[in-house]
Amino acid sequence: MENFQNQPPLDFSKEKNRKEMGKAISNARKQLGWIYSLIVDKTKVYTQKNIPSINPALYNEIVGKVSKASVNNAEEAVSAANKAFNVWSRITPKERAMYLLKAADLMEEKRFEFAAWQILEVGKNWYEADAEVCEAIDMLRYYAEEIIRLGKPILMRPDLPGETNSYGYRPIGAALVISPWNFPLAITCGMTSASLAAGNTVILKPSSQSPVIAFKMVEIFREARLPDGALNFLPGSGSEIGDWLVSHPLIDLIAFTGSKDVGLRINRLAAENPGKRGIKRVIAEMGGKNAVIVDSDADIDETIKGAIASAFSFQGQKCSALSRLIIPKNIREEFLARFIEAVDSITIGSPEDPGNFMGPVIDANSLKNIKNYIETGKKECKLLYEREVKRLPSQRGFFVGPTVFEGSENCVIFKEEIFGPVLLVIKAENFDDALRIANNSEYALTAGLYSRNPKNIGEFKKEILANVKYINRKITGAQVGRQPFGGSGMSGFGDSKAGGPDYLPLKFLQIFMTSEIISENTMRRGYAPLD
Ligand code: NAP
């Protein structure tokens, strides 16, 4: 990466930024309940059925009503994306990059607005909402720069007279992008911009919990004057149109981020239903059950700060979130006494108030699911901390407080992804035991270590199976171009890292593009233009 720089986050200690953010939330509030369309080719399509998007902090408030695609709408979108592929795939990589860079500039101009929608639609706090907008802008700029680099074919054996052999890449076809609600802008934008940069056209099926933000992102691409049909917006129920789209013969690749169960289903259906252009390519970024190891000599202040941020920011609803905290038995008591006090100081309430660290979880189902896991935890483990009900927000939202258990590797909450603010503490006999416990999971996404012992740090780097390893820092908040992100095991399939050098060469090129070698006998006319 020659020019790429991460978008700096906003400094909310500055009054100007606080005022702008407040204004953006008020403006977004004035648009609550608006009706949004599908976008198929160049047409905005309003359907009879729609998806109500609910403010999770105030569940009688409708953020927006988004048209809900039927199978007929989906058929039209597939046909539009395939038609547009003839145009978009022939545009040079550099020109495609220009569209992405334009979209990045437009998003940067509207960064407060985009952050405001995150706060209202998914309940992110100000800092998390802003960080996500930065990440989305980074994705656009990073992939733009990458496709310029990769768009130039490599000359193989240029020393041989009489022939030229150029090795390059070409796009695949129509991509189905299926995104989750927990990073409704950054991940949606990342998968969409990677597909587009590669020269594929896109049918975007956003999560039914966050379709308004996805619509706003698509509008940015329209403002950037992306050719009609290159990006089609198709919100709809995963169970109603998802299987149908995944199985469609004119879908060539699928970029999915979401749960393990849905990822595995997509993988199976895609393999069983090849496309007209061949076997479908699938990337599935899935869940996590991430561990942090606290070493006996760890800096406890730093560890507590990092563990709280990793386990409870955005209410633990991150694939990278900490859910298993492993502590050696010799520091257990001292550590837990201080840790639990820190957990008790977490503020929870409306995400519109920047004083709140935690907000609501996404919806009623998720709240119920988390509460069920808490009940299971109470049966199997020792409850160390639960927020008193009277200290939870009284407003009507999906709030659950931070919860900490201590237990063993046999507990259900040791094994299953909860996707909520529930943390399990596990006692380790020694450092080797801690490494073993951390690796005892079907998932392999993020892992962390707090330690001042070089030998143990070295062991952690070598032995831990999670693909994104952090040492003496929190395990969430990966940044594009700095901590390329993605897992293996049940955490991910199509093993390469978003926002990193392999995403284009591996995912981008093995999934979003296909390589080709062009060998030309140049003796015939004596010369061949190199490009
Ligand atoms: P989800 O329930 O799997 O949904 C993800 C997307 O899949 C949604 O757009 C959903 O649509 C769609 N979908 C559901 N059923 C489908 C089907 N049969 N065919 C096609 N699409 C279908 O996941 P989520 O609750 O949105 O997100 C949370 C999960 O994502 C967690 O497990 C988290 O760890 C994971 N995640 C992983 C990463 C990573 O990088 N590894 C990043 C973020 C999140 P509907 O909304 O309409 O059902």
Side-chain angles (χ1 to χ4, degrees), residues 3-31 55-57 63 100-142 144 181-190 193 210 212-214 216-217 219-220 223-224 305-306 308-310 312-315 317-318 320-321 346-360 473-483 485 498-499:
N3 303 313
F4 175 76
Q5 293 289 332
N6 292 105
Q7 179 70 30
L10 289 171
D11 178 355
F12 288 117
S13 71
K14 295 204 166 111
E15 194 189 357
K16 179 176 154 286
N17 288 339
R18 285 200 305 278
K19 277 199 173 146
E20 279 289 322
M21 195 66 240
K23 210 162 79 191
I25 296 174
S26 308
N27 283 342
R29 285 206 141 278
K30 286 183 198 140
Q31 298 172 37
N55 178 350
V63 174
L100 266 62
L101 293 174
K102 176 76 187 155
D105 291 346
L106 291 168
M107 199 178 280
E108 189 179 347
E109 276 168 31
K110 296 185 181 180
R111 65 182 298 173
F112 286 96
E113 183 187 329
F114 271 96
W117 285 110
Q118 307 261 357
I119 293 165
L120 293 173
E121 194 171 35
V122 297
K124 294 213 166 185
N125 72 24
W126 285 28
Y127 301 90
E128 297 282 335
D130 174 56
E132 183 163 350
V133 182
C134 293
E135 191 180 343
I137 296 169
D138 285 353
M139 294 282 187
L140 289 162
R141 293 193 175 135
Y142 189 88
W181 53 265
N182 71 327
F183 283 89
L185 182 63
I187 289 181
T188 309
C189 189
S193 54
S210 56
V212 172
I213 294 165
K216 305 270 173 199
M217 183 207 77
E219 283 283 85
I220 288 281
E223 268 183 65
K305 203 171 79 183
I308 297 245
S310 306
F312 302 119
S313 62
F314 192 37
Q315 299 70 265
Q317 302 171 114
K318 296 183 186 178
S320 54
I346 290 175
T347 49
I348 173 165
S350 166
E352 289 179 56
D353 175 350
N356 288 323
F357 175 71
M358 276 177 63
R473 55 148 287 175
K474 64 176 180 165
I475 64 166
T476 53
Q479 281 190 287
V480 172
R482 285 170 66 181
Q483 293 93 21
F485 190 82

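Side-chain atoms are counted along with the backbone in the values below, which use heavy atoms only and exclude waters and symmetry mates. Index from 1, following the sequence.
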Novice: Answer yes when E352 and R29 have at least one side-chain N-carboxylate O distance shorter than 4.0 Å, and no when they do not.
Specialist: yes
Novice: So do E223 and M107 actually touch side chain to side chain, heavy atoms under 4.5 Å?
Specialist: no
Novice: Any Lys/Arg nitrogen of E113 or K23 sitting under 4.0 Å from an Asp/Glu carboxylate oxygen of the other?
Specialist: no
Novice: Ignoring hydrogens, what is the shortest heavy-atom contact between A224 and A103? Give both atom names and the distance.
Specialist: CB-N, 4.0 Å
Novice: Where the side chain of N125 meets the backbone of Y127, is there a donor-acceptor pair that is under 3.5 Å apart?
Specialist: yes
Novice: Look only at the side chain of N55 and the backbone of V63, and say whether a donor-acceptor pair between them is shorter than 3.5 Å.
Specialist: no
Novice: Main chain of V212, side chain of E121: is a donor-acceptor contact present, judged purely on distance under 3.5 Å?
Specialist: yes
Novice: Nearest 0.5 Å, please: how far is CZ in R482 from CG in D138?
Specialist: 9.5 Å
Novice: So L100 and M139, side-chain contact (heavy atoms from CB on, under 4.5 Å) or not? Walk me through it.
Specialist: CA-CA 9 Å; L100 266 62; M139 294 282 187; over 6 Å; no
Novice: Closest heavy-atom contact between K474 and A309?
Specialist: CD-CB, 4.1 Å
Novice: Could you walk me through whether S210 and Q118 satisfy the side-chain contact (heavy atoms from CB on, under 4.5 Å) test, starting with their C-alpha distance in whole Å, then the side-chain angles of each, then the deciding distance to 0.1 Å, before giving a yes or no?
Specialist: CA-CA 9 Å; S210 56; Q118 307 261 357; over 6 Å; no
Novice: Has R141 got a side-chain atom pairing as donor or acceptor with Q5's backbone, closer than 3.5 angstrom?
Specialist: no
Novice: Considering all heavy atoms of both residues, which atom of V133 and which atom of A115 are nearest to each other, and what is their separation?
Specialist: CG2-N, 3.7 Å
Novice: Looking at CD of Q7 and CD of Q479, how far apart are the two atoms once the value is rounded to the nearest 0.5 Å?
Specialist: 10.5 Å
Novice: Would the distance check show the side chain of N6 and the main-chain N or O of V480 forming a donor-acceptor pair, the cut-off being under 3.5 Å?
Specialist: yes
Novice: Are E20 and K16 ion-paired here, with the side-chain N under 4.0 Å from a carboxylate O?
Specialist: no
Novice: To the nearest 0.5 angstrom, please state how far the CG atom of L120 sits from the CD1 atom of I213.
Specialist: 9.0 Å
Novice: Treating S193 as the side-chain partner and G190 as the backbone partner, does any N or O pair qualify as donor plus acceptor under 3.5 Å?
Specialist: yes
Novice: Mind listing the closest non-hydrogen atom pair of M358 and I346 along with its distance?
Specialist: SD-CG2, 3.7 Å
Novice: Begin with the C-alpha distance, continue with both residues' side-chain angles, and end with the deciding distance and a verdict on side-chain contact (heavy atoms from CB on, under 4.5 Å) for N182 and V122.
Specialist: CA-CA 7 Å; N182 71 327; V122 297; over 6 Å; no
Novice: Does a side-chain heavy-atom distance below 4.5 Å link L140 with C189?
Specialist: yes
Novice: Between CD of E135 and OH of Y142, what distance do you get to the nearest 0.5 Å?
Specialist: 13.0 Å
Novice: Which pair of non-hydrogen atoms, one from P8 and one from C134, has the smallest distance, and what is that distance?
Specialist: O-SG, 3.6 Å
Novice: Between K318 and E128, is the closest basic N to carboxylate O distance under 4.0 Å?
Specialist: yes
Novice: Quick one, W126 and L10 - any side-chain contact, counting heavy atoms below 4.5 Å?
Specialist: no
Novice: So do the side chains of W117 and Q31 get within less than 4.5 Å of each other, counting heavy atoms only?
Specialist: yes
Novice: Just so I know, are the side chains of N17 and D11 near enough to count as touching, which here means a heavy-atom distance under 4.5 Å?
Specialist: yes
Novice: I need the R111 CZ to I137 CD1 distance, nearest 0.5 Å.
Specialist: 6.0 Å
Novice: Heavy atoms only: give me the nearest G123-P56 pair and the separation to one decimal.
Specialist: N-CG, 3.8 Å
Novice: Under the 3.5 angstrom rule, does the side chain of Q315 hit a backbone N or O of G359 as a donor-acceptor pair?
Specialist: yes
Novice: Can you check whether S310's main-chain N or O pairs, donor with acceptor, with T476's side chain at less than 3.5 Å?
Specialist: no
Novice: For F312 and F357, I'd like to know if the aromatic rings sit close, meaning centre-to-centre distance below 6.0 Å.
Specialist: no
Novice: Side chains of I119 and I25, heavy atoms from C-beta outward: is any pair under 4.5 Å?
Specialist: yes
Novice: Cation-pi check, K124 to F183: give yes when NZ or CZ is under 6.0 Å from the six-membered ring centre and within 45° of the ring axis, no otherwise.
Specialist: yes
Novice: Given side-chain contact (heavy atoms from CB on, under 4.5 Å), test W181 with Q317 step by step and report yes or no.
Specialist: CA-CA 10 Å; W181 53 265; Q317 302 171 114; 3.2 Å; yes
